[in-house]
Amino acid sequence: MGITYGIFYIFSSMASRNIYKLNKYLPSSRLMQISFDIMGILSVVLYFAIKFKLIYLVVGLYFVLYVLKDGRRPLVVDVCGDYMNKNERATVMSIDSQLKSLFVVILAPLFGFIADKFSIQVLFLIIGISMLIINRLLNLANDSEYISTKF
């Protein structure tokens, strides 16, 4: 088990360390949108992998989801840095950490209930579809905000 987590952590740190290289091609905000879309799609695929008992695919998908989650953190810092003053960044990152804890306190029991009541595969399906829908709605809000500032 320790070797497995060691491998997960090594690849996660490599993703976090090297994510900046993708900024040559796309801005951090766009990379975050893409990562949420990929995570949503992979969560839906994970539903089917669990349903059909494709164990190696389940492990591989979980590994990719884990690496994507950790690779997204530097993107969040970069996007937050674009929207705030330098002297506010530490405060906002602290608030980000507290909000993350609050979401865990609220969502963990909800996710546990869904997994117990239905199944873990249904939970991944709900999470994946929710991520895709929320990301679409946030993209629409950003696009309309962009359009309204241009005209």
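In this chain, numbering begins with 1 at the start of the sequence shown. Values below: all heavy atoms of this structure, side chains included; hydrogens, waters and symmetry mates excluded.
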Checklist entry - Tyr20: what forms a ring pair (Phe, Tyr, Trp, His ring centres under 6.0 Å) with it, not counting sequence neighbours? => result none

Checklist entry - Honestly curious: do Tyr47 and Tyr56 fall in one hydrophobic cluster under the side-chain, below-4.5 Å linking rule? => result no

Checklist entry - Do Ile55 and Tyr62 share a hydrophobic cluster, counting only Ile, Leu, Val, Met, Phe, Trp and Tyr and linking them when any side-chain heavy atoms are less than 4.5 Å apart? => result no

With a 3.5 Å cut-off and sequence neighbours excluded, list the donor-acceptor pairs that the side chains of residues 6-14 form with protein atoms.
| residue | atom | partner | partner atom | Å |
| --- | --- | --- | --- | --- |
| Ser12 | OG | Phe8 | O | 2.9 |
| Ser12 | OG | Asp70 | OD2 | 3.1 |
| Ser13 | OG | Tyr9 | O | 3.3 |
| Ser13 | OG | Ile10 | O | 2.8 |

Item to check | Residue pairs fulfilling salt bridge (Lys or Arg N to Asp or Glu O under 4.0 Å) with at least one residue in residues 6-25, sequence neighbours excluded | outcome: none

Checklist outcome for this item: Here the gap from Ser16 atom OG to Lys69 atom NZ, rounded to the nearest 0.5 Å, amounts to 8.5 Å

Checklist entry - Tell me, which pairs form a salt bridge (Lys or Arg N to Asp or Glu O under 4.0 Å) where one or both residues lie in residues 48-64, sequence neighbours left out? => result none

Item to check | side chain to side chain donor-acceptor pair (under 3.5 Å) partners of Gln33, counting only residues at least two apart | outcome: Arg30, Asn139

Checklist entry - Does Arg73 have any side chain to side chain donor-acceptor pair (under 3.5 Å) partners at least two apart in sequence or in another chain, and if so, which? => result Asp96

Item to check | Sequence-distant partners of Ile120, side chain to side chain contact (heavy atoms under 4.5 Å, CB included), two or more places apart | outcome: Ile50, Ala115, Leu123, Phe124

Next on the checklist: Assess the residue pair Asp78 and Asn23 against the criterion (side-chain contact (heavy atoms from CB on, under 4.5 Å)); give the C-alpha distance rounded to whole Å, side-chain angles, the decisive distance to 0.1 Å, and a yes or no.
Outcome noted: CA-CA 10 Å; Asp78 191 33; Asn23 283 109; 4.1 Å; yes

Checklist entry - Can you hop from Ile114 to Val104 via hydrophobic side chains spaced under 4.5 Å? => result no

Checklist entry - With sequence neighbours excluded, what pairs up with Phe52 under the side chain to side chain contact (heavy atoms under 4.5 Å, CB included) test? => result Phe48, Leu54

Checklist entry - For residues 116-130, which residue pairs qualify under side chain to side chain donor-acceptor pair (under 3.5 Å), counting only residues two or more places apart or in two chains? => result none

Checklist entry - Are Ile129 and Ile127 grouped together when hydrophobic residues (ILVMFWY) are joined by side-chain heavy atoms under 4.5 angstrom apart? => result yes

Using distance only, find each side-chain donor-acceptor pair of residues 34-45 under 3.5 Å and give its atom names and separation, not counting sequence neighbours.
| residue | atom | partner | partner atom | Å |
| --- | --- | --- | --- | --- |
| Ser35 | OG | Met32 | O | 2.9 |
| Asp37 | OD1 | Asn135 | ND2 | 2.7 |
| Asp37 | OD1 | Arg136 | NH2 | 2.8 |
| Asp37 | OD2 | Arg136 | NH2 | 2.3 |
| Ser43 | OG | Met39 | O | 2.9 |

Checklist entry - So which pairs with a foot in residues 98-107 pass side chain to side chain donor-acceptor pair (under 3.5 Å), sequence neighbours left out? => result none

Checklist entry - Can Met1 be reached from Tyr66 by stepping across I, L, V, M, F, W or Y side chains whose heavy atoms are under 4.5 Å apart? => result yes

Item to check | Partner residues of Leu102 under the side chain to side chain contact (heavy atoms under 4.5 Å, CB included) criterion, sequence neighbours left out | outcome: Leu99, Ile106

